[in-house]
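In what follows, chains carry the letters A, B, and so on, assigned in the order in which the sequence lines appear, proteins first and then strands, with residues in each chain numbered from 1.
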4 protein chains.
Amino acid sequence: MNDHSAVSATAVTPKRDAILDAALELFSERTFASTSMPELAQRAGVGAGTIYRYFDSKDALVNALFQRWKTEMTDTVSGDIPAGLTPREQFTHWWRGLWTFATEHPAAFLFLETHHHAAYLDAASRRAGAELSDRAITYIRDGQRRGAIRKGSPEVLMALVLGAFTGLVKSATEHGRVLNRTTLETSDDAVWALLAA
Amino acid sequence: MNDHSAVSATAVTPKRDAILDAALELFSERTFASTSMPELAQRAGVGAGTIYRYFDSKDALVNALFQRWKTEMTDTVSGDIPAGLTPREQFTHWWRGLWTFATEHPAAFLFLETHHHAAYLDAASRRAGAELSDRAITYIRDGQRRGAIRKGSPEVLMALVLGAFTGLVKSATEHGRVLNRTTLETSDDAVWALLAA
Amino acid sequence: MNDHSAVSATAVTPKRDAILDAALELFSERTFASTSMPELAQRAGVGAGTIYRYFDSKDALVNALFQRWKTEMTDTVSGDIPAGLTPREQFTHWWRGLWTFATEHPAAFLFLETHHHAAYLDAASRRAGAELSDRAITYIRDGQRRGAIRKGSPEVLMALVLGAFTGLVKSATEHGRVLNRTTLETSDDAVWALLAA
Amino acid sequence: MNDHSAVSATAVTPKRDAILDAALELFSERTFASTSMPELAQRAGVGAGTIYRYFDSKDALVNALFQRWKTEMTDTVSGDIPAGLTPREQFTHWWRGLWTFATEHPAAFLFLETHHHAAYLDAASRRAGAELSDRAITYIRDGQRRGAIRKGSPEVLMALVLGAFTGLVKSATEHGRVLNRTTLETSDDAVWALLAA
DNA sequence: TATGAATGAGCGTTCATTCAT
DNA sequence: AATGAATGAACGCTCATTCAT
């Protein structure tokens, strides 16, 4: 069992990072199942055996990658929403957070989306995956209590909102467009209308 | 090259259908890449070699499957919208059409979604995939002209709407829920609010 | 799980036999652990994948081989000892049986000897391996009761006798000699002296 | 080429010894082929690279180990047989020597036996392996000349005797028994009967 | 001298595809 | 038309060996 977890976060582990970076590229270009370890090794610029110094298996690698980026996304999206805002203002923080993450790390966003349900995700990955949803549902429930968000199952509303954002990113990726600020603001208004009471 | 194109559309080709049906089951249970041809042959109740009488390769099979279901979905969703309706009424037809397809063929809906970007899709599949989007964009553009749908890029609005629906279906699947009529009506209102001027 | 056990014993399965024959050659020339599957496939004249139609794994193959030959050896050595003989006469049947088997199937004899304790042998192999010993111990116990065989632990006496025979075969193999009839008769007398009361 | 041959025999080379000791343990627990160098390094408490300061390769290591223990066994078994004894008395020295070595170094005894024929043994190992046999054959030939040992090929008689002893040790090991003094004395008599004229 | 991270050839095994029946 | 035994390239992974530190 290795994962170099004892190494401090500031330690330089360039090969481990090169492997994770190459994995993110390949798993979002193709998929996990259709990326081979030799291919990954080559892209990372390491020997095939080297991957196994850092990760126990292909599955362990994809889980480490998933957790790393899901945590980053959760922090970026829901990490620093100030208290004392109206639900409408909070929504803009959420939407802008999603936009920031998807713009800065488009491959990571698509990787997380594509691999969300995958059979090879372990308990830690599933827990990491649930955190952002949990926070969003809390936000929606609170907004409903304050009369700002429409009635209905918070899970359904969240699914609609996150689905809409995902649709936006995929569409932009497919057509080679970027998510510009105009799109951000238009969509912020439109999706808030979906949510508003 | 075979695809039985000489066989008339109404001819009964039970093995071909059995193969496509088994493929849909397996590709949505696991994934395309992690389904093997012998496995597929067994599920379809045919010999492994028989698949190659109907499809040139595994890739050709997944393309045929994609086109079959994308066509079906396009027809179900946008096939019979009566003329002379308001944009709001038309939207309900669209949304109900999506719901009908996703409810009657949940595996097909998820299969189409999952494989939308896949590298192995050929030109015909991509064309089939674009048809529904094209019709939706036409609808949105028309609604904007009539002042019923909010301003903004039709592509973006469509991405938001289809993304929202996809989010709904995936969420239901993940939590083992079905898309009931209440959810249908609640979401119809909410998503129309997203779209409405 | 395959092992073609449903196939009748008289069915011709030439590839399966070719694989087992090649495995016997290689496992006795080198060892199980240092024989590779590609090497084995080549020696057997089949593709590497073909081995896996007949055996689930390398371990399953070595177990099938062990059981096949241990059964054959048990039958040859202890299968047809007539009733009503003196212990001395019975001993000659045993010794001649060992000699027959080791002469007709020298590689099999060495393979069985070398792999007797191996960690990868399964329960069925261990059971097959114990049968001949059990019969030999019964013979010794009976000879002791009749006063023809010397006192002492039957297990120890059997270990000495079978060990002596094994030493003979290994020595012959090492020096490229065959076990001729003179050696057979000399050793029959000598080993009976070991056993006799 | 290294083997520290410049180092005097009495020099303390604790790492080399630690490596050889760990190798004996592991090669008798599993086998040579299924013991990895990193595993061996860890058991010996040295770095993986360190092994290569003392031994050129895995093969060189197993040869060094073989020679070390074969020499020790030869000395223990045939090193101090006093002159002027009868063949019967000498035999007891031989048998007791084997028993002493196998009791004090059971892993070494089994290692030597298991690797006797191994393809990777070099000329020096084969020479070391032949020494004890040569002395035993000289003893048998002398005993035959004096009329104390039965007629027949000395090689065959030696193979029977050493084989019998090996069978005894393996049987004891398999059943978790030790070679006690009673067994020693019983077997001394029995095996002398095999040898006696 | 000693280390252990790094390598890449080679392992056991799978699977898309072919072809004799 | 249909089969499924057979293939061999390619998979995930291991390990003897090297070499920068």
Inset, instruction - Taking only the side-chain heavy atoms of D:Y54 (C-beta and beyond), determine which of F:dG12, E:dT17, E:dA2 contains the nearest atom. - result: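 Nearest to the side chain of D:Y54 among the choices is E:dA2.
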Legend entry - Nearest to side-chain heavy atoms of C:S57, which nucleotide of F:dA5, F:dC13, E:dT13: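 Side chain of C:S57 sits closest to E:dT13.
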Inset, instruction - Under a 3.5 Å limit for both distances, which nucleotide forms a Watson-Crick or G-U wobble pair with E:dT14, could you say? - result: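 Pair assignment: E:dT14 / F:dA9.
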Inset, instruction - Provide the Watson-Crick or G-U wobble partner of F:dA20, both distances under 3.5 Å; none if there is no partner. - result: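 Check on F:dA20: paired to E:dT3, both distances under 3.5 Å.
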Does [X] make a side-chain N or O approach to OP1 or OP2 of [N] shorter than 4.0 Å?
X: C:K15; N: F:dT7; answer: yes
X: C:S36; N: E:dC11; answer: yes
X: A:R53; N: E:dA5; answer: yes
X: D:Y52; N: E:dT3; answer: no

Over how many whole Å does the gap from [X] atom [atom1] to [N] atom [atom2] extend?
X: B:R16; N: F:dA1; atom1: CZ; atom2: P; value: 14 Å
X: D:F55; N: E:dA2; atom1: CZ; atom2: P; value: 13 Å
X: B:Q42; N: E:dC15; atom1: CD; atom2: P; value: 13 Å
X: A:L61; N: F:dC13; atom1: CG; atom2: C1'; value: 13 Å
X: B:D56; N: E:dA16; atom1: CG; atom2: P; value: 16 Å
X: A:Y120; N: F:dG12; atom1: OH; atom2: C1'; value: 15 Å
X: C:I51; N: F:dG8; atom1: CD1; atom2: P; value: 12 Å
X: D:L40; N: F:dT17; atom1: CG; atom2: P; value: 12 Å

Inset, instruction - Count the heavy atoms of every other residue, nucleotide or ligand shown that sit under 6.0 Å from CD of A:Q42, and state whether that count exceeds 12. - result: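 12 or below, so no.
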Inset, instruction - Give a yes or no answer on whether the side chain of C:K58 reaches the backbone of C:T35 with a donor-acceptor pair at less than 3.5 Å. - result: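 It does hold such a pair.
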Base, sugar-phosphate or nothing for [X]? Non-hydrogen atoms, less than 4.0 Å.
X: B:T50; value: base
X: A:T35; value: sugar-phosphate
X: B:M37; value: base

Legend entry - Ring centers of D:F109, D:H105 separated by less than 6.0 Å: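 That pair fails the under 6.0 Å test.
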Inset, instruction - Determine whether the aromatic ring centres of A:F111 and A:F32 lie less than 6.0 Å apart. - result: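 Here the rings of A:F32 and A:F111 have centres that are no less than 6.0 Å from each other.
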Legend entry - Residue closer to the 5' end of DNA chain F, A:A33 versus B:G47 (nearest nucleotide):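 Taking each residue's closest nucleotide, the earlier one in sequence belongs to B:G47.
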Legend entry - SB check D:R68 D:D17 (cutoff 4.0 Å):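 Salt bridge: yes.
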Legend entry - Note: C:E29-C:R43 ion pair, threshold 4.0 Å (strictly below):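 A salt bridge is present here (some side-chain N lies under 4.0 Å from a carboxylate O).
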Legend entry - Pairwise 5' ranking along DNA chain E for D:A48 and A:G49, keeping only the more 5' one: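 Closest to the 5' end, via its nearest nucleotide, is D:A48.
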